Structure formats: structure tokens, C-alpha cells
2 protein chains.
Amino acid sequence: MRLSLLGFVVCTAFVDPASAERNLMPEPAGVVSLTGYLKIDPSFRIGLTGYREPRLERAAIRLIHDLERTTGVPSSMEWPADLRQAALEVITAGPSSTIQKMNEDESYRLEVTERQARLTAPNPLGAMHGMQTFLQLVEPGPDGFRVPAVRIEDRPRFPWRGLTLDVSRHWMPPLVVKRTLDAMAAVKLNVLHWHLSDDQGFRVESKRFPKLQDMGSDGHYYTQEQVRELIEYARDRGIRVVPEFDMPGHATAWFVGYPELASGPGPYAIERKWGVFDPAMDPTREEVYRFLDGSIGEMAALFPDEYFHIGGDEVNGKQWDVNSRIQSFMRQHGIKDDPGLQAHFNSRLQPIVTGHGKKVIGWDEVLAPGLPKDIVVQSWRGQKSLAEAARLGYMGILSAGYYLDLMHSASYHYSVDPLEGETAGLNDSERSRILGGEAAMWAEYVTPENVEMRIWPRNAAIAERLWSPQTVKDTASMYRRLAAVRRELDRLDLGISASHELMLERLAGNHPVGPLSALSDVVEPVKEYAREEARLYTSFTPLNRLVDATRPESDVAREFALLVDGMLTGTTDRQNCRAEVRHWLEHWRANHALLEPSLQGSFLLEELTPLSKDLSALGTVGLEALDYFESGRKPPGAWIQQQLAFFEAAGKPRAELLLMIVPSVQKLVEAAAGR
Amino acid sequence: MRLSLLGFVVCTAFVDPASAERNLMPEPAGVVSLTGYLKIDPSFRIGLTGYREPRLERAAIRLIHDLERTTGVPSSMEWPADLRQAALEVITAGPSSTIQKMNEDESYRLEVTERQARLTAPNPLGAMHGMQTFLQLVEPGPDGFRVPAVRIEDRPRFPWRGLTLDVSRHWMPPLVVKRTLDAMAAVKLNVLHWHLSDDQGFRVESKRFPKLQDMGSDGHYYTQEQVRELIEYARDRGIRVVPEFDMPGHATAWFVGYPELASGPGPYAIERKWGVFDPAMDPTREEVYRFLDGSIGEMAALFPDEYFHIGGDEVNGKQWDVNSRIQSFMRQHGIKDDPGLQAHFNSRLQPIVTGHGKKVIGWDEVLAPGLPKDIVVQSWRGQKSLAEAARLGYMGILSAGYYLDLMHSASYHYSVDPLEGETAGLNDSERSRILGGEAAMWAEYVTPENVEMRIWPRNAAIAERLWSPQTVKDTASMYRRLAAVRRELDRLDLGISASHELMLERLAGNHPVGPLSALSDVVEPVKEYAREEARLYTSFTPLNRLVDATRPESDVAREFALLVDGMLTGTTDRQNCRAEVRHWLEHWRANHALLEPSLQGSFLLEELTPLSKDLSALGTVGLEALDYFESGRKPPGAWIQQQLAFFEAAGKPRAELLLMIVPSVQKLVEAAAGR
């Protein structure tokens with residue numbers, strides 16, 4: 001629900017919808033506004049000049065379809081067109097690599113005048129990025145759809161801008177992967193890091209070792225044909241696909257069909273719980289390396305990217321510690337501890353991977369002395385380990401701070417920079433080893449139904465951090481443009497909003513969805529790893545409760561906080577803001593009576609009763625505070641104490657949800673108390 | 001927006017969300033409620049007993065996926081299962097026809113106890129209908145999802161329950177056709193009448209006469225492979241596909257490639273406007289019949305259904321009247337007038353169609369003395385011509401009253417019965433010739449983007465009229481269950497709600513969508529053929545205005561009318577209803593100020609200014625009336641006169657939209673005036 005749906009007045013202290021700012025996200029490196037507009041009408045054509053390939057033509061056709069979705073104006077049938085008529089001329093100098101490389105030129109230049117738009121790029125990658133920018137520039141004007149005249153010179157800040165998608169803990173069908181690639185292309189991300197194996201599933205067909213998928217996937221895996229199609233789909237959008245096969249830990253799914261790879265006796269079953277588990281590959285046996293040579297060889301041929309992700313995270317070493325043969329191997333080879341044994345494993349794995357023509361990427365833990373310098377470290381631990389790696393001469397990408405499954409706000413992710421904190425002190429050549437970053441969508445608590453709603457739109461803020469100049473930091477601007485990107489992605493058929501609505505409707509059943517939606521709009525799922533502690537989750541647990549349907553970030557709570565600030569500290573519009581604050585509080589106060597009938601009949605909703613009651617109580621308290629504030633009377637001390645105790649309780653998680661308006665109501669009480 | 005979203009109190013005069021009534025639509029012929037519930041949990045299995053075929057297995061798998069969507073509980077991987085564990089046993093006696101026939105047994109029996117559900121049917125058609133019923137019975141309960149114990153004996157009232165889908169005036173891609181078939185199956189419709197050719201497009205690939213699609217479709221046609229796939233898709237859902245090739249009029253698209261078929265000299269171009277046009281096939285030349293024999297032969301082989309629709313509607317005869325050769329032919333053969341010449345054409349066409357193994361169906365106009373009795377007349381004129389046909393011994397189906405493009409309410413369509421009005425007086429054998437009916441979605445004013453929102457959910461009310469006993473007539477119950485069907489169809493990925501929301505967001509651009517949504521919620525598109533008069537539409541005209549985004553029927557206006565009635569005449573709850581009425585009026589009064597900023601900047605929204613102003617004025621007037629009403633003071637006569645004049649103006653269409661709350665606000669003014 002948007003703020004002004006309820007508002008009877010407009011508090012403009014914090015939002016200017018008619019802002020001249022454009023809807024571009026990520027913000028380009030350089031933008032010069034010109035005067036006038038290029039009209040977008042049914043005569044719109046795209047001309048391709050210079051280097052030409054089928055991928056570029058397909059991109060142009062997609063742009064035409066996206067324009068159709070954006071404007072509702074049916075596209076012309078006559079593409080490709082006579083160049084003299086082309087409203088958008090795309091001039092591409094030459095090809096990009098046959099297999100997209102990490103450090104390719106992705107720049108483009110877009111110049112829009114009243115007569116024509118010219119997009120110039122050294123290769124199709126830049127051309128496709130420029131087309132996305134052009135699409136985001138389209139807006140309705142007084143006479144029709146148009147693109148403002150502008151000169152844009154754009155290139156990414158980092159060459160590696162990725163998303164780790166976990167398809168092991170919950171399977172994500174090809175359609176979801178495709179839509180994810182569509183959305184990534186819209187915000188200029190260029191790496192899909194596909195987390196394909198873990199304790200809970202091995203998700204790619206192996207023809208050489210078919211028990212990997214036959215026994216390790218519940219039938220939920222990508223055929224090699226599907227993998228090839230998805231890689232092609234990604235390449236068509238300027239996106240590399242880096243496969244991850246996590247080793248030596250997080251590998252239970254391998255052991256179901258091939259228990260001989262493990263360090264313990266087995267038998268093994270697909271893991272149904274979440275966490276870090278004991279099974280690990282046996283680094284001491286030659287058969288294991290022979291198997292991996294065969295398996296990695298097969299996968300290296302299937303995935304064309306130059307990088308191959310070997311995982312390497314979270315090995316607890318317990319199977320190694322209790323295996324006397326392994327212990328004696330360690331003694332024989334002078335290996336002191338489990339990390340040492342993992343380093344030994346990696347030192348064997350690395351030449352296997354390079355032997356199949358790939359470079360290695362792995363999580364923090366793979367870093368150990370003696371590894372060649374062309375490996376890439378993906379840091380889930382933070383800038384500190386990234387800085388250490390860079391000083392040692394290793395390349396690295398940042399994922400700490402970009403974990404989408406931890407339910408942080410877009411502004412939190414936006415504030416994390418690969419070159420700030422411990423990395424800020426690096427010298428130039430060390431800094432050049434920081435390649436970028438990757439958001440990560442771990443899949444313990446998402447299904448194909450809600451995963452897109454969890455990735456987007458927040459991931460667009462991370463995409464901007466990785467593409468745009470470091471100085472682009474205005475959070476208010478980011479949120480405004482994020483809303484536009486969300487609308488754009490909804491149009492691309494991502495169903496971010498639709499799945500949220502449908503899940504709420506399922507919960508509401510025959511009851512009106514409004515009151516449940518009002519509650520959902522002011523709560524957020526618990527943060528970090530709190531769901532793990534809340535109850536025992538397994539891969540069989542349905543994810544169909546309000547915590548699963550609710551958006552990761554409450555726009556209403558965020559905007560309500562701005563309203564309260566506008567009312568308390570704004571220089572203009574205090575009255576209007578106060579009136580809007582009052583309406584929201586009245587709305588919430590009334591909500592529990594409306595929601596209660598539906599809470600009682602349903603096993604899915606019963607747990608929400610305390611939250612719903614507290615929301616209404618927050619409405620009541622806030623209105624009392626507002627009355628004190630307006631009247632100038634001081635509230636009694638006992639009343640204040642009572643409310644502060646209430647806020648303490650109301651801020652606690654219930655049903656794995658947090659009421660996000662508590663701090664703002666508390667601020668009202670404190671203002672009334674004159675603090 | 002649902003009513004109680006805004007309400008601060010609950011007026012229960014007109015709605016009981018905890019109603020014991022089930023969400024079944026269409027209502028079964030016989031339902032006996034039993035006590036208890038069958039639990040639906042992850043152990044749920046379907047067992048197939050008796051006759052078995054791949055189609056039934058696919059239907060069972062679909063049911064499992066639909067249950068997953070309905071509950072959010074992941075499905076078991078282990079289907080088909082051990083029968084002893086099957087929570088739902090489907091017992092099918094034997095096969096249905098290889099090519100689905102018009103009069104097949106579609107009955108089923110569903111018995112649900114606390115221990116098991118048993119679905120029994122003579123053939124897969126009944127079994128599939130029963131599965132849809134089972135799905136609609138699933139509800140959340142205090143302990144989990146469940147199906148109430150029940151005994152259902154069900155069969156359709158009419159054997160022909162169809163939807164005419166026009167894909168000529170606006171092309172509908174295969175995906176839209178598939179989703180339409182999914183939704184039809186959900187409400188037990190069994191005929192897709194595919195309107196494949198008209199003046200604006202010939203939409204099927206002909207290998208024998210390729211200029212039909214190459215010159216007559218703008219490249220928007222179904223390949224024969226796609227046609228076969230869609231027919232298979234339909235058969236999998238118990239749906240016949242009846243193709244229509246409209247002749248001798250509505251045939252301009254044929255003449256673009258083959259002008260020699262026409263009665264005028266040509267050349268011809270694809271028609272871009274809407275209406276009835278002059279070009280018609282030449283009934284006097286043998287080459288025309290030879291061509292049709294070839295063309296119909298090819299299409300008859302492609303479409304397996306026993307019926308073949310020859311159209312036959314709206315021939316204006318102008319080409320015939322000015323063609324001296326045709327005129328002399330008429331004199332030679334004693335043909336008195338144009339309808340006589342069309343009868344001659346049909347008398348030649350009919351043996352061609354039957355020669356290719358098909359029975360003829362056509363619109364009202366095909367009926368002429370001498371035609372064989374196995375043709376079916378589809379009546380767009382009404383029950384009267386249907387009754388005449390039945391008396392003459394012809395079978396018929398009703399489409400008058402079921403035109404979804406005319407933007408009538410669901411209750412209007414629901415009130416139209418094939419066996420009421422002029423058909424009510426038929427004797428039993430004549431009545432048996434009334435086979436059922438067909439809704440029709442003519443495509444002048446719909447695109448792939450909004451067509452599903454225009455068909456559904458209203459078409460479910462027509463589906464109930466054609467399936468359920470004639471005595472099922474409770475409109476309030478229909479609307480309650482219609483809302484549940486809308487939710488069900490949204491889950492099937494129809495995007496009825498999603499496309500509405502996305503179109504509104506496109507219109508709102510960077511402005512909050514709430515105020516525009518509030519306006520959209522109380523307007524409806526103009527009715528009948530009023531859009532034709534409003535402006536010149538062509539097939540190039542973008543359909544992206546509010547009239548295109550707005551739902552055909554305003555739930556808010558309908559429910560507001562019930563609130564006003566509840567307040568004025570209800571026996572209980574008058575106070576609560578009045579409070580809700582007041583809140584709605586305040587909401588509307590405030591809306592224009594919120595919407596105005598977005599109206600000014602956009603060419604798409606400017607036209608809404610008068611409507612938006614009037615909505616706010618209606619809020620103001622309604623609140624004044626409410627104040628008079630509550631105070632007991634009589635309003636001055638001049639005030640009353642002024643408001644009545646305002647209602648007259650506010651009820652007029654603007655931007656092809658009608659403000660639907662005018663009558664209810666008028667009722668408030670009249671109540672205040674003591675009338």
C-alpha cells in the first residue's frame with residue numbers, strides 16, 4: 001500500500017514525485033541533461049549500424065517488446081527497419097569475446113536529441129547496457145511517451161557484478177532462473193553465480209556420474225540441455241554464468257550416490273535440515289581426485305565461463321577428526337590441522353580445475369599460501385579478508401553485506417562498498433584486485449513462489465553500488481528510483497508484487513485481504529539467522545506463512561518514519577505531516593477489529609494475533625501521544641513508563657516478524673514527553 | 001481495493017465472510033454436507049483406479065500442482081502412489097470419445113469423508129470436472145488445509161458451454177489461449193469457439209493457400225503446429241475446439257491475398273477499423289466454391305471437432321448490390337434479395353463442410369429453409385431467434401446476453417438463461433434442441449495485456465448459468481463465490497489482478513498509484529457499443545488508457561450500494577453501515593487533491609480531470625446529505641435541485657468511463673430530502 005492511499009492531505013516534506021530526477025538505476029557514470037524530448041510513438045524504429053550479430057538483433061527486438069510493455073503502444077511489425085527512419089540508432093564497433101570475459105569493455109555512450117537517439121558502444125555488451133538505459137528513460141509526457149534529451153557516458157565501476165543464486169536448498173525451475181536473468185540485465189549485473197550443489201541437492205545432470213542427480217536431487221535438477229539453454233539466455237543478456245560445485249564440505253548430496261567420496265562410512269541421504277554438516281570429501285584418497293577430475297571435466301565442458309567456483313566454505317572437519325586413516329595421513333604429510341588439510345585438498349583440486357581450462361574461484365576459506373595468483377576469492381567474511389587477499393596478491397569480490405536472505409534493508413546493502421572499510425587503505429595495485437561483488441540469495445527460506453520478491457527490488461540497490469561511481473550515495477534518491485525499478489521489473493513479468501498479493505490472498509482465504517495486507521505492510525521478517533532459532537525448519541516445511549509472504553522491507557514503516565520526522569523537525573509542512581501521521585495511526589488502531597475474524601479460523605493466521613493486537617495498540621498509543629503533543633499538556637510519568645515498557649515488548653519478534661513502526665511511535669511518545 | 005480496507009468498523013448487513021457456504025463455482029447439481037474434514041497435508045496422494053490413460057495422469061499431476069499453489073505446501077515427488085495411501089481415489093469407468101463429442105457424459109460423483117475422498121466418473125471428462133471441484137473445496141482450517149466432508153452428485157445442465165474468443169481483431173498469442181483454456185477448465189466450460197478469421201486478420205497458417213496468412217495477418221497467426229498443440233492442450237482439459245472461419249462477410253483478410261474470392265474488384269488491404277464492411281465472397285462463382293472446398297478441407301483436417309463454424313453474420317450486401325453480374329445471377333436463379341443470396345451461398349457451403357466430415361454451426365443469419373436439421377445456430381440476436389430455430393427443428397446455443405466485450409455486470413449475464421424468455425414456452429422436444437450457450441469476447445477493445453481481465457472473473461458467472469441447475473440464482477452468493485474464483489484464477493497465473501495493477505502503475509508513472517486506483521475502483525468502461533461513438537478506433541490505437549486498465553465491473557460501487565441500502569433499510573447494523581458510508585465519502589472527497597498532480601503531467605491522464613473532480617464532489621455532496629440525514633434537518637429545496645442536476649451530469653460518460661457511485665449518492669440525497 002502506498003502512503004498516500006490513505007492520506008487525506010499531502011505531506012511533501014520528504015517526497016517530490018514530480019522530481020526532475022530520472023528513473024535510471026544504476027545511475028550512469030556521467031549524465032548531461034539537454035533540452036527537449038524525443039517522441040516515442042508507433043513509428044519508433046531501431047537501426048543497427050556497424051558490427052552486427054544475431055544477439056544484437058534479438059536484444060533490439062526485446063527492447064521493442066519492452067517498450068510495448070512500458071507504453072502499451074503496440075510495436076511495429078516492420079523491424080529491422082530502414083535506417084533513415086530509425087529513432088534509435090545503435091552503432092556497435094565490433095564483437096565481444098565469444099565467451100564473455102571478466103574484464104570486457106562494457107561502456108556505452110547514449111545521446112538523445114529531439115530528432116534521434118544514438119547509442120554507441122565498442123561491442124554488444126555496451127550496446128545492450130545502453131538499450132536498458134534507453135528503456136529506463138521512457139516516460140509519459142503531455143503529448144505522449146518520450147525520452148528526455150540527454151548525453152550519457154557510462155561504464156561500470158567494477159567488472160564483476162553478480163548474484164549468487166542457491167538452487168540447492170530449494171530448487172528453482174528454469175523459468176525462475178530466466179526471469180532472474182531478465183531482471184539482472186535490467187540493472188546491468190553481469191554474473192550469475194549458480195550455486196548448484198550443496199548438502200540438500202545436486203542440481204545438474206551428469207552423464208558420467210548419473211547417480212549425482214538420480215540419487216542426490218529428488219528429481220529436481222537441470223538437464224544439460226536446459227543448462228546450455230540458460231547459458232545462452234544469459235549470454236544474450238551480457239551475463240556470464242559461473243557454476244559452483246561446493247567442495248569438500250556442503251557436499252552430502254554427492255555422497256548419496258557416491259558414498260566412497262566421503263570421509264565417513266555412510267550411507268548418506270539428502271540432507272533435509274539447514275546448517276553446517278559433518279560430511280566432507282576425503283582429501284587423502286586418490287580415487288576422490290580421479291572422480292573429481294572426471295566430474296569437473298564434464299562440468300567444465302558444459303559451462304563455458306573461464307571461472308569455476310569450487311566453494312570451499314564451512315568445513316567443520318568432524319569427519320576428518322574421527323577418521324584414523326585421515327589422521328595418520330595428516331601426520332605423515334606434516335599437516336597440522338583441518339584448515340591445513342583443506343589447503344592440501346585445494347592444492348590438489350586447483351590443478352584439476354586449471355587442467356580443464358578454468359580459473360578457480362572459491363569462498364574465503366580457499367585462501368592459503370602457495371595458491372597461484374589468478375584465483376578469485378569471494379568474501380562472505382567482509383572487507384577485512386578481502387583486503388588481506390588483495391595484499392597477498394589475490395583478486396577478490398565482496399559478498400559480505402550483500403546477503404539478500406538476511407532480510408536487511410536496501411539502504412543497508414547500499415551502504416556496503418567493496419572499497420570502503422578495511423579495503424580503503426589498499427594501494428592502487430591492491431585496489432585493482434577488488435573486482436566487484438556479488439549479492440547472494442541463499443535458499444533455506446525461499447521457494448520458487450517468493451524468491452523473486454526476496455531478490456528484487458533490493459538487489460537493484462546492490463547493482464547500483466557495483467556499477468555507479470562511488471560518490472553515488474543519496475539514499476532518498478536510491479529509494480525513489482528503486483520504486484521505479486520495481487515497477488519496471490513487474491512489467492517484465494517478474495511477479496514481484498503479484499506473488500506477494502497472491503500469497504496474502506491465500507492466507508486471507510474468504511476474508512477480505514485488506515486488514516492482513518495492512519499488517520503485512522508494517523512488518524518485516526526477522527533478520528540475520530533468527531529464523532533458524534525460531535523453529536526447526538527442514539526442506540519439507542511449507543513456506544506459506546505471513547513471514548514468507550511479507551516483503552523484506554516495509555516501505556510504509558520507512559515512509560512513516562519520514563512523516564514523523566517531517567512533523568517533528570520539518571521546516572515546512574509540519575501540519576500536513578501531522579495530519580498524515582494521525583491518519584495512519586487511526587488506520588492501525590482500527591485494524592485489529594477488522595483482522596480478528598480471519599485470525600481465528602485459520603491455522604496459518606492464529607499466530608498473528610499478538611502482532612495484530614500490538615499494531616492496534618501502537619495506533620492508540622500514538623494517537624494519545626499526538627493529543628498530548630498538540631495540546632501542549634505533558635503526559636504523566638507513569639503513562640510514559642508504561643508506553644516505554646510496551647515498546648520494548650512490541651519490538652520483539654513474534655511469528656518470525658518484526659513490527660517496524662515501533663521506533664516511530666516511540667519517537668512520538670518521547671516528543672510528547674518533551675524529551 | 002476491498003471495502004474493509006478503509007472501513008474502521010464492520011458493517012455486516014450484507015456480507016458474512018465466515019459463511020458456511022463453499023467456494024464452488026459452478027454450483028454442483030447436488031451437494032450433501034457431511035460432518036468432519038479430510039486433511040490435506042504433504043502425505044496427500046492421488047490414486048487412479050479403473051480405466052486409465054495418460055490424459056488422466058496429466059490431470060492428476062496438474063491437480064497436485066494446483067494444490068501446491070493453493071496451499072503453499074510443496075507436493076510430494078512420489079506420484080503416482082501406492083493406492084492404499086491415496087487420500088483421493090479417482091475411479092474412472094471407461095474412456096471418452098477419441099474426439100470429444102458434444103453430448104458426452106460429463107457427470108461425476110465426489111464423496112469426501114474424514115478418511116478419504118472418492119471421485120467416481122464414467123469417463124475422464126467427469127473425472128477432470130470432479131478434480132476441479134475437489135480443488136475448489138480446499139480451505140484453511142484450524143489445524144491445516146482441509147476439504148470438508150461432502151457428497152456431491154454433479155452433471156451439467158447443458159452439453160454446450162463455450163467461450164467465443166476473437167483473435168482476429170487483436171491477435172492473442174498461444175500463451176494467452178492456453179491460460180484461457182486453463183481458466184475455462186477451472187469453471188467446467190467445454191467449448192473454445194475460436195474466431196480465427198475476420199476483416200482484420202486471418203490467423204491460421206494455410207499450407208495450401210499461404211497468402212491467407214502471409215498477406216492477411218501482419219505475421220500474427222498460429223502455425224499448424226501451434227494449432228495442434230493448443231487443441232491437444234484443450235483436449236487435456238476436457239475442452240472442444242470449434243474453429244470459426246467467418247463467411248461470406250467479415251472476410252476482408254482473405255481477399256488481401258486472394259482478391260478473386262470477393263464480389264468487388266479489389267485490391268484489398270487488411271481492415272484496420274472496426275464495424276461491418278462491404279467486402280463479401282462472391283456466391284455466384286464456381287472458383288470460389290472450389291477454393292473454399294480446398295481451404296475448408298485443409299482446416300477440417302487440422303481441427304478434429306465434429307463442428308465447423310462458418311460464421312455468416314452481418315453481410316451488408318453492398319458489394320452484391322453493385323455487381324451487375326451478381327445481380328443478373330440472382331435474377332436468373334430467382335433469388336429475391338441479399339439474404340436469399342446468402343442462403344444460396346450457405347446451401348452450397350453446407351455440403352462442402354459435410355463433405356469434409358463436419359457438421360455446420362453458424363450465426364443466426366445462416367438459418368434458412370431447406371438446411372439440414374443437424375446444423376447448430378448460435379444466436380447473437382436473443383432467445384427469440386433461438387426459439388424460432390428450435391421450433392423449426394434446429395439446434396441452437398445462446399450468445400446474446402453473454403457478450404463480455406459489452407462491459408455488463410456479472411449479475412446481468414447471470415440473469416440471462418437459455419431457457420427463459422421466448423424459449424420458456426418451448427415444448428420438451430424443442431427445449432432439448434437448446435444445447436447451451438457461449439460467452440463471447442470480441443476483440444476490438446482488448447489486447448493480450450487486458451483480455452484475461454475482461455473475460456474473468458465475469459465469465460465464471462456465465463459458466464455457472466450453463467452448468468448449474470436453473471434454480472441456482474442467488475446473486476449475492478454468486479458474487480461471493482465469484483471473488484473466490486477470481487483468487488483461484490489469479491493463482492493459476494492468469495494475472496487478472498496483476499495486469500490491472502500493472503496498467504495502473506504505467507498510467508501513474510512516478511506518482512503514487514493509490515489515488516488513481518481509488519478512481520479506477522469506482523468507474524466502469526462505457527457499455528454496449530459506446531466506445532465506437534466516442535472516437536475513431538483502429539487496430540493501431542494503443543489501448544493503454546484508464547478505460548482499458550479499469551475492471552469491467554466496480555466491486556466498490558456495488559458494495560457501496562449495499563452499504564447505503566444497509567444504512568437506509570437494514571434491520572441491524574445501520575450505525576456501522578453509516579460509519580462505513582461516511583468513510584468512503586471522506587476518502588473520495590479527499591481523492592482529487594491527491595490525484596491532481598499526476599493528472600497534469602501526462603497525456604494519458606489529463607482526460608480524467610472532470611471525472612476525478614466529480615468523484616470528490618460526490619464525496620462532498622454525500623457527506624452533506626449524511627449530515628442532513630443524521631441531524632434530521634431537511635435540506636433546502638434549492639440544494640436538492642442543484643444536486644439532482646449534478647447527478648445528471650456526473651452520470652454521463654467522460655474518457656469513456658462511467659462513475660458508478662452516482663446512484664448511491666443520489667439515494668443518500670433523496671433520503672436526506674425525505675423522499
Side-chain angles (χ1 to χ4, degrees), chain A residues 1-10 17-19 23 42 70-74 77 139-144 218-219 447 449 484 487 490-491 495 497-498 501-503 505-507 509-515 517-518 540 542-544 548 586 590 593-594 597-598 601-606, chain B residues 1-10 17-19 23 42 70-74 77 139-144 218-219 447 449 480 484 487 490-491 495 497-498 501-503 505-506 509-515 517-518 540 542-544 548 586 590 593-594 597-598 601-606:
Chain A
M1 187 198 304
R2 295 293 302 171
L3 202 61
S4 51
L5 180 67
L6 261 190
F8 285 52
V9 287
V10 186
S19 160
N23 287 335
T70 304
T71 61
V73 178
M77 287 301 95
E139 59 179 35
D143 311 312
D218 297 309
T447 68
E449 183 174 53
R487 293 194 297 270
D490 270 342
R491 278 197 296 269
S497 308
E501 304 286 342
L502 290 176
M503 292 177 83
E505 290 216 325
R506 173 199 293 149
L507 285 164
N510 276 344
H511 297 270
V513 76
S517 184
F540 298 128
L543 297 177
N544 58 3
D548 303 301
E586 286 173 351
L594 299 168
S598 55
S602 164
F603 72 108
L604 289 168
L605 297 181
E606 261 173 356
Chain B
M1 187 197 305
R2 297 293 302 170
L3 201 60
S4 51
L5 181 66
L6 260 191
F8 284 52
V9 287
V10 186
S19 159
N23 286 335
T70 305
T71 61
V73 178
M77 288 298 97
E139 59 179 36
D143 312 312
D218 296 308
T447 67
E449 183 174 53
R480 202 192 59 73
R487 293 194 297 270
D490 269 342
R491 279 198 295 271
S497 308
E501 304 286 342
L502 290 176
M503 292 176 82
E505 290 216 325
R506 173 198 295 149
N510 275 344
H511 296 271
V513 76
S517 184
F540 298 127
L543 298 177
N544 57 3
D548 303 300
E586 287 173 351
L594 299 169
S598 55
S602 165
F603 72 108
L604 290 168
L605 296 181
E606 262 174 356

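The sequence lines fix the lettering, A, B, ..., with proteins before strands; numbering per chain opens at 1. Predicted model only: the values in this text are computed from it and were never measured. We use all heavy atoms of the structure for the numbers below, so side chains are in, but hydrogens, waters and symmetry mates are not.
Taking chain B as the reference chain and counting heavy-atom pairs below 4.5 Å, the highest number among P140(A), G601(A), S497(A), G72(A) is found for G72(A). Chain A forms the most heavy-atom pairs under 4.5 Å with one residue out of T70(B), L604(B), L543(B), and that residue is T70(B).
Contacts of T71(B) with chain A are made by backbone atoms alone, with heavy-atom separations under 4.5 Å and no side-chain atom involved. Using a 4.5 Å cut-off between heavy atoms, S598(A) makes no contact with chain B at all. Heavy-atom distances place the side chain of L502(A), and not its backbone, under 4.5 Å from chain B.
Considering only residues two or more places apart in sequence or on other chains, A484(A) meets the side chain to side chain contact (heavy atoms under 4.5 Å, CB included) condition with N23(A), R487(A), N510(B). Residues forming a salt bridge (charged side-chain N to carboxylate O under 4.0 Å, His left out) with E501(A) (at least two apart in sequence, or on another chain): none.
One distance of note links CD of E606(A) with CG of D143(B); it measures 8.5 Å at 0.5 Å rounding.
Contact record, P74(B) with P542(A): CD-CA, 4.0 Å, taken as the closest heavy-atom pair.
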